[in-house]
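All remarks here apply to the structure that follows.
What you are looking at is a predicted structure, and each value in this text was computed from that prediction instead of being measured. Below, each value reflects all heavy atoms present in this structure, side chains not excepted, and no hydrogens, waters or symmetry copies.
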Amino acid sequence: MIQNAILYVLRKKKRTCILFIILTTVLSFLYSSLNIMKLSNNLENNLYKISNTSISITQKDNQNFEINQFKEMENIQEIKEIIPQYDCLAKATNVEVVDGIQKVERENLPEILKNTFSIESTNSTKNNVLFNSGIFTIIDGRHIEKNDREKILIHEELAKKNNLKLHSKINLELIDLDQLDNNEVKKEYEFEVIGIFTGKKQEKYTGLSSDFSENMLFIDYESSQKALNKPENNKIVNKLAIFSDSSENTKVALNNIKKIKIDWSKFNVSSDNHVFEETLESIDGIKHIIKIMTYSIMIGGITVLSLILILWLRERIYEIGILLSIGISKIK
């Protein structure tokens, strides 16, 4: 039967070419559709990373909390990165703040709150929403990274006023916001400028010089805790941002985080995925269209091939009858 099949294919060259063209066309369309589906899945994962989607943990009433109580999160496999964030104020001993039009006037302002800078400490400024959204842009130098120590990012206007450039030194005295009533100022600490950024954020006026975007500084998290004299087991944060590779891993990580045995009534846990969800709607629409095309090609290809093979098979009805009459089984 194999020899007969080979001879039939070789002798019926036109039919063989037609069948080859049909199979090639169907398989090419299927390959293209499946490849586009694979690319759309990769695009979805890349968009998830670009959208800066994360799980945020904050304490209610915007209070600080100890990071050590969430140490178990390091054992959750779905979590790729944990970025702590701590915000405070600081006074500089060798640079001057940038002046601006203040919309709020405060009388009897304590000396400790005069000429202050706004400090945001983190171990990855590139994932910060102000930089990720394009509100702030690095124009010279680089971002703060996980292994940086005693590093700082400054605004270009602050750099111009104080003639600062990359590798300049700034001496800061960090102010613990929880200790304002005690007028406690931490000792002076030196930071090296590794980046200069530009931009203007939405400012909330409270009557302090730290309200202005030009007086906002970014420093590495570990140095901020050292400057505040916080021991290793008593580090504090305002916010924890948890990142995963995909939306599925984020959901699994969120469920595992909530299993940690702490008093969750004191905390707010949210997923910052609204940007990703909006973009995902367009991708889902494309994927749905591709699936319909793939199934249509498969059904159409099978139908066409079946009809052609059935028509060609009927032409061999006498040959089949002879073979059956000489003892060849129906299965063969």
Worked check of side chain to side chain contact (heavy atoms under 4.5 Å, CB included) between Glu120 and Gln85: CA-CA 7 Å; Glu120 184 169 313; Gln85 178 180 318; 3.6 Å; yes

Positive for side-chain hydrogen bond (donor to acceptor under 3.5 Å, both in side chains) with Glu222, one of Lys146, Lys235, Arg149: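 Among the candidates, only Lys235 passes.
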
Which pairs of donor and acceptor atoms, one on a side chain in residues 295-304, lie under 3.5 Å apart (sequence neighbours left out)?
{"residue": "Ser296", "atom": "OG", "partner": "Ile292", "partner atom": "O", "Å": "2.7"}
{"residue": "Thr303", "atom": "OG1", "partner": "Ile299", "partner atom": "O", "Å": "2.7"}

Let me have the donor-acceptor pairs involving side chains of residues 67-75, under 3.5 Å, with sequence neighbours excluded, atom names and distances please.
{"residue": "Gln69", "atom": "NE2", "partner": "Glu66", "partner atom": "O", "Å": "3.0"}

For [X], what residues pass the salt bridge (charged side-chain N to carboxylate O under 4.0 Å, His left out) criterion, not counting sequence neighbours?
| X | value |
| --- | --- |
| Asp211 | none |
| Lys226 | none |
| Glu78 | none |
| Asp140 | none |

Worked check of side chain to side chain contact (heavy atoms under 4.5 Å, CB included) between Met216 and Phe136: CA-CA 11 Å; Met216 186 172 188; Phe136 286 161; 3.8 Å; yes

Ignoring hydrogens and geometry, is there a side-chain-to-backbone donor-acceptor pair from [X] to [Y] under 3.5 Å?
| X | Y | result |
| --- | --- | --- |
| Asn162 | Glu96 | yes |
| Asn171 | Asn94 | no |
| Asn215 | Ser209 | yes |
| Asp220 | Glu150 | yes |
| Asn255 | Val252 | no |
| Lys91 | Lys114 | yes |

Pair up each side-chain donor or acceptor in residues 15-29 with any protein partner under 3.5 Å, not counting sequence neighbours, and list the distances.
{"residue": "Arg15", "atom": "NH1", "partner": "Tyr8", "partner atom": "OH", "Å": "2.9"}
{"residue": "Arg15", "atom": "NH1", "partner": "Glu315", "partner atom": "OE1", "Å": "2.6"}
{"residue": "Arg15", "atom": "NH2", "partner": "Glu315", "partner atom": "OE1", "Å": "2.3"}
{"residue": "Arg15", "atom": "NH2", "partner": "Glu315", "partner atom": "OE2", "Å": "2.7"}
{"residue": "Thr16", "atom": "OG1", "partner": "Val9", "partner atom": "O", "Å": "2.8"}
{"residue": "Thr16", "atom": "OG1", "partner": "Lys12", "partner atom": "O", "Å": "2.8"}
{"residue": "Thr24", "atom": "OG1", "partner": "Phe20", "partner atom": "O", "Å": "2.7"}
{"residue": "Thr25", "atom": "OG1", "partner": "Ile21", "partner atom": "O", "Å": "2.7"}
{"residue": "Ser28", "atom": "OG", "partner": "Thr24", "partner atom": "O", "Å": "2.6"}

More than 12 heavy atoms of other residues, nucleotides or ligands under 6.0 Å from [atom1] of [X]: yes or no?
| X | atom1 | value |
| --- | --- | --- |
| Lys330 | NZ | no |
| Met293 | CE | no |
| Ile326 | CD1 | yes |
| Lys165 | NZ | no |

side-chain hydrogen bond (donor to acceptor under 3.5 Å, both in side chains) partners for Gln225, two or more places apart: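 Gln225: no side-chain hydrogen bond (donor to acceptor under 3.5 Å, both in side chains) contacts found.
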
Asn147: partners by side-chain hydrogen bond (donor to acceptor under 3.5 Å, both in side chains), with sequence neighbours left out: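 Asn147 satisfies side-chain hydrogen bond (donor to acceptor under 3.5 Å, both in side chains) with no residue once adjacent residues are dropped.
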
All pairs passing side-chain hydrogen bond (donor to acceptor under 3.5 Å, both in side chains) where residues 192-204 contributes a residue, at least two apart: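 Applying side-chain hydrogen bond (donor to acceptor under 3.5 Å, both in side chains) to every pair that reaches into residues 192-204, excluding sequence neighbours, yields Lys151-Glu192, Glu156-Thr198, His167-Glu192, Lys200-Glu203, Lys200-Glu214, Glu203-Tyr205, Glu203-Ser213.
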
Evaluation steps, side chain to side chain contact (heavy atoms under 4.5 Å, CB included), between Leu217 and Leu158: CA-CA 10 Å; Leu217 308 175; Leu158 182 67; 3.6 Å; yes

Closest non-hydrogen atom pair between Gly195 and Leu166, with its separation: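 It is N-CD2, 3.7 Å.
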
Shortest non-hydrogen separation from Phe267 to Ile262 and the atoms involved: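 Heavy-atom minimum between the residues: CE1-CD1, 4.0 Å.
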
Contacts of Ser210 that satisfy side chain to side chain contact (heavy atoms under 4.5 Å, CB included) - sequence neighbours left out: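 Ser210 satisfies side chain to side chain contact (heavy atoms under 4.5 Å, CB included) with Leu89, Thr116, Ser118, Leu208 once adjacent residues are dropped.
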
Qualifying residues under side chain to side chain contact (heavy atoms under 4.5 Å, CB included), relative to Ser121, sequence neighbours excluded: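 Result, side chain to side chain contact (heavy atoms under 4.5 Å, CB included) vs Ser121: Tyr86, Ile219, Tyr221, Ser224.
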
Test log, rule side chain to side chain contact (heavy atoms under 4.5 Å, CB included), inputs Ile79 and Asn256: CA-CA 10 Å; Ile79 294 178; Asn256 290 332; over 6 Å; no

Residue from Thr58, Ile236, Val237 passing side-chain contact (heavy atoms from CB on, under 4.5 Å) with Asn64: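 Between Asn64 and the candidates, side-chain contact (heavy atoms from CB on, under 4.5 Å) is satisfied uniquely by Ile236.
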
Nearest-0.5 Å distance that lies between atom NE2 in His143 and atom CD1 in Ile138: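 Here the rounded value is 4.5 Å.
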
